[in-house]
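I have placed the structure first, in the form of structure tokens, so that the comments after it can refer back to it.
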Amino acid sequence: MTEIRKLHKAGSRRISYNHSEVEKYWQKVWDKEGLYTPDIHKSENKFYNLWMFPYPSAEGVHVGTIFSSTGSDVYGRFMRMNGYSVFQPIGFDSFGIHSENYAIKIGENPRFTLGRTLPHFKNQFKMIGHEYDWTKTVTTSDIDYYRWTQWIFVELFKSGLAYRKYVKVNWCPSCKTVISDEQVVTPAQAGKDPRDENGEIVKEEEGMRVCERCGFLVQDKELEQWMFRITDYADRLLDGLGGIDWPEKIKTAQKNWIGKSTGALLTFNLQPTTHPPAHKASEGQSILQPITVFTTRPDTVFGATFMVVAPEYAQKYLLKYISEDKINDVTKYINISLKKTKDIRLLNKEKTGIETGLFALNPATKKDIPIYVADYVLSDYGTGAIMAVPAHDERDFAFAKKFNLPIHKVIDQTLETHTVLIKNSLEDGFSDEIQKNNWYLTDYFDWGYGLVLPASDEHKLIEVIQKFLKSGPWYVHTDGSLKAVIFKDKVFSIENENEQAKDYAREISVTEEQIDWDNKDNYMFCHNKNGVLVDSGSWNGLKYPEDYEKILSDVEKNGWGERKSQYHLRDWLISRQRYWGPPIPMVFCSNCKSKGKSWFTSEKFDNYKKHIRNSKLEIRNFDDWSSSGWYPEENLPVELPDIQNYQPEGNGRGPLANHPEFYKTKCPECASVARRETDVSDTFLDSAWYFLRYPSVRIEDQESRRVEDKNNLPLTTDNLQLPWSPEVTREWLPVDLYFGGAEHAVLHLMYARFVWKVLRDLGYLDSQNDEPFPRFFAHGLMIKDGAKMSKSKGNVVNPDDYVEKYGADTLRLYLMFMGPMDGYPDFRDTGIEGMRRFIEKLYQVFQMSDDKYQITNKNKLEIKQHQTIKKVTEEIQQFKYNTAIAAIMEYVNSLRESISNSKFLISKQPKNLTIKRFSGDKMEESPTSQVLQPTTYNLYLQTLALLLAPFAPHITEEVWHKILGHKSSIHLAKWPKYDSELVKEETITIPVQINGKLRGTIQIEAGKSNDKEYVLSLAKENEKVNKWLSAGTVKKEIYIEGRLVNYVVS
RNA sequence: GCCGAGGUGGCGGAAUGGCAGACGCGCAGGUCUCAAAAACCUGUGAGCCUUAAAGCUCGUGGAGGUUCGACUCCUCUCCUCGGCACCA
């Protein structure tokens, strides 16, 4: 709002450089000449400059987008001027929930909305001076594009990488659809009262998860969904990070997302219980399925004193073994747990759980250990079951305390810290004491606190406890046995002083009831640090982590389990129960299913596998894969029908499920009535391969020729073509520079890498490189009013008004000048006037050549020129555009100062350069009478234009032609080179310090900077320096060549 | 809790061991003007001192350390932002 008002105010001032006329003119010329359309068949010196394509929102481009796109554009222009054949395409990520939601809001089909938004986007990009290769654009919702997205799905299915599975999803009962984790927010974030499924407002509680759009409480729902086996590629996705030029923080984010942890799967045999149902007992051990657990600490297996399984696990695998006297309670617990949402489960730190009455055999200790169900064990990590080692895991420890389970230490700590449990019965002031000692509290345990302190502080702790003890004795237990009793003024620390302690208690009239000798809740150690194994059979004396490798191989040797890695990365959920996306190209036949038939037979698959060239695919067993009844569509595309009512319904199916004309089809196998899949695929699949398509857009059909197998085996269908030309793709990919937002660090960038690897493995992509983006630059996000710019926050800034008032060059420069590209600049338009001022000054400078005006200090200018070329070149290479622009500003200031009578001139109106450009639609050649002579000084001006061209493409093109008299575009001109000799100053200023403090400066000739004696003597002559030198004796003289002098004086 | 990024004038930011605050915004004074705007010139980290010139002290979240010299390197600590989070 305020910006607009300021704009109007600013509009009243004199404008001498007519930006709109100049900018529109050159945009038209560029368009006509196809300046930015490289010959895709000539890949010599190619540079594929990719910018993350936007989704075409109805509101159009905002300045945050421009910040990003200009950053990419500047680099592309820079590379073009450095002689590269730059391919810089643009496209639109037009499918997806954003566009769909907007269309629902205004009540039209998304494809109509798109008809308006695409031209709007295109105009805005042109207006800002982004001249992409408009002959090669991609729109993901075009049928020519999404047919290939569907093709990729089919290929993944055929290669065993797409499968169906029941998964837990977020379900909004009001929007009647699955929503992504990002759309699940707290009521405060949604700005709405939370409502239950009937629409009744409910009381807001902590940890509530609601839908960001409507505020209804999100439910967990199990649906059968299509998944991609990205986890099969986890190791390659991880290893690939090693060889690519990406920001470290992005690599770290991907590494963490993949979240590899190495350890072992251990097998615990279920034991026949004393009260099993008779028929189960009689069948003996053999029918009891063992419980497999994942652990990163197999070294602690001797300390596993019980097991815990997730409620989901218990429901699926254990219920059948549980005896009748327990079954009701266990079932009840499971049901309650499953009803809780994830966040409520997490929020509640108090451990809950229930005994199953079942036992398993600890393979190491050969002891039977009890099995519990508890919801602190997650069903979707590891196997859904754990071995509990309470002595060395805080969560297991808390559980053991609550259920009074044995705690068995197997690692002697060699470490410096303990975790000690402190009950709440201490006086105020205790926490101050904790702080004073630099101990710290964890709030982990529901019944008290964990206190972390150095092991050497144990005695101190006892003193502190005494000091703040309210009443009664404290008991110190270690590993389950009583070690000490603490009274207010006395400590009994040896076990067999127990009687004395009792006597003492009576003495100070603590009643018997208060003395609970077996209460173990008071003081106990648990640690998960490094140490030496004890009480662990043949492993005694081994060290963790030093002997981890031996432990793993022993585990395998003993048959206790096998080594195994776990990943945080989950398989990619592809299904969306929405309308605006590519229909998943699969057909389901219930007849075939009933016969257990499907496309995916081992025979079919083996046959398919033969066609996979370059196969690194590891096909694993498909036990968990409900493939029966499913067939891939052979006739692509499956067109997204143009339907009226595409709103989601809420039955767990997409809107297409209401359209029999869409889903009714014939089974390709048995020809009976079959049903097409009605879900569409995730938008991230569209954007996972768009960069592969760009170079091949509009390449004639014969060029995207049939893929032939190296062994001359035809692929599955006869007329198979590819969405890209193999030749062009081989030449232009991988992408040379990918420029985009850091917010895509994990999802998009991970998916694109995955799809690239798969396509390579399947032989459709002939590239040496296993990575699509060997170089990626992550810029930051533009902030406005403390939040990132987004429609939902209502803080977007439209660039159009700024372009109109100040010009595209001004806005581009302003955005690039705000801060470093990888920062998070806060958009404020207070400085944009200043940037416009700079454009005016610039325009004036170009009109002050030395054939008309007296120029002084030409030598200095020569040096400044070369310094500026060096600086700007290096800064652009590092995406430090703000300092590059600052250097250009300095250069302009130098040029201005060098004009002897500039003070007089500057206040004058610039020479009238008004040139006729348009008469109707026709462009007219403009007069070039103002053209400067190529004097030395005018070459300085030429350098200025060149250096600024990537940032301000219009004004530089204007002066390049109209003032500097060139015939071809500045954007094809050669980037200036600097002379490393001329970068050096003739005289340099050397600061002189006394004891590290600046006391004076001296001027020396550059040639003499290596003469230490000379410089030091000169420094001593300096009056100010001398004063300080004579105040003491000089202990040391330091001279850093060409940098500074420092005297140590005392 | 874990991982990551960061903390420098009134503001955006510059300086990766060597003159802290480049460049720009803003602000103040001045020139021009009947006046204003625009434009241009000068000044602009804080404090002390001086008629003035000059000079001095402090200063990059805080506390220590390494160094002739630290915004920069090391240790500890506080705060802000972003991501992940009962991951066995």
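Chain A is the first sequence line, chain B the second, and so forth, proteins listed ahead of strands; every chain is numbered from 1. Quick caveat: nothing in here was measured; it's all calculated off a predicted structure.
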With both distances under 3.5 angstrom, what nucleotide forms a Watson-Crick or G-U wobble pair with B:C11? B:G24

Watson-Crick or G-U wobble mate for B:A35, both contacts under 3.5 Å: none

Closest to the side chain of A:Asn256, out of B:A15, B:C87, B:C3, is B:C3

Quick one: classify the glycosidic conformation of B:G9 as syn or anti, with syn meaning within 90° of 0. syn

Proximity of A:Tyr814 and A:Tyr802 rings by center, below 6.0 Å: no

Under the salt bridge (Lys or Arg N to Asp or Glu O under 4.0 Å) rule, what do A:Arg836 and A:Glu833 come out as? Steps first, then yes or no, please. CA-CA 5 Å; A:Arg836 170 67 205 198; A:Glu833 291 273 351; over 6 Å; no

With rounding to whole Å, what would you report as the distance between B:G17 and B:C23 at their P atoms? 23 Å

Taking N and O atoms by type only, does the side chain of A:Lys249 place a donor or acceptor under 3.5 Å from a partner on the base of B:C3? no

Distance, P atom - from B:U44 to B:A35, rounded to whole angstrom: 29 Å

Let's test this: given Watson-Crick or G-U wobble pairing with both distances under 3.5 Å, identify the partner of B:C48. B:G55

Measure from the side-chain heavy atoms of A:Pro991 and tell me the nearest of B:A88, B:G26, B:C19. B:C19

Would you indicate whether A:Lys564, at its atom NZ, is surrounded by more than 12 heavy atoms from other residues, nucleotides or ligands within a distance under 6.0 Å? no

How close do A:Asp822 and A:Ala778 get, heavy atom to heavy atom, and via which atoms? CB-O, 3.7 Å

Closest nucleotide among B:G12, B:C84, B:A39 to the A:Trp257 side chain: B:C84

A:Arg837 side chain: which of B:G26, B:G12, B:C19 is closest? B:G26

Looking at the side chain of A:Asn1046, which of B:C86, B:G69, B:C23 is the nearest nucleotide? B:G69

For nucleotides B:G6 and B:U42, find the distance between their P atoms and express it as a whole number of Å. 37 Å

Taking atom C1' in both B:C84 and B:C74, what distance in whole Å separates the two? 29 Å

Taking all non-hydrogen atoms of both residues into account, name the closest pair between A:Lys255 and A:Leu241 and its distance. N-CD1, 4.0 Å

Among B:C19, B:A15, B:A22, find the nucleotide with the atom closest to the side chain of A:Glu890. B:A22

Just N and O in the side chain of A:Arg1043: are any of them under 4.0 Å from OP1 or OP2 of B:C19? no

Side chain of A:Lys841 only, heavy atoms from C-beta on: which candidate in B:A14, B:C40, B:A85 is closest? B:C40

Sub-6.0 Å ring centroid separation between A:Phe817 and A:Phe951: no

Can you tell me the pairing partner of B:C71 across any strand shown, Watson-Crick or G-U wobble, with both distances under 3.5 angstrom? none

Whole-angstrom distance between B:U67 and B:A15, as gauged at atom P: 28 Å

Phosphate OP1/OP2 of B:A5 contacted by A:Tyr824 side-chain N/O (<4.0 Å): no

Using a 4.0 Å heavy-atom cut-off, does A:Lys255 contact any base of the nucleic acid, only the sugar-phosphate backbone, or nothing at all? nothing

The side chain of A:Asn882 lies closest to which of these nucleotides: B:A88, B:G26, B:A14? B:A14

Out of B:C86, B:A15, B:A14, whichever nucleotide has its closest atom nearest the side chain of A:Asp375: B:C86

Taking B:A88, B:C19, B:C86 as options, the one with an atom nearest any side-chain atom of A:Thr295 is B:A88

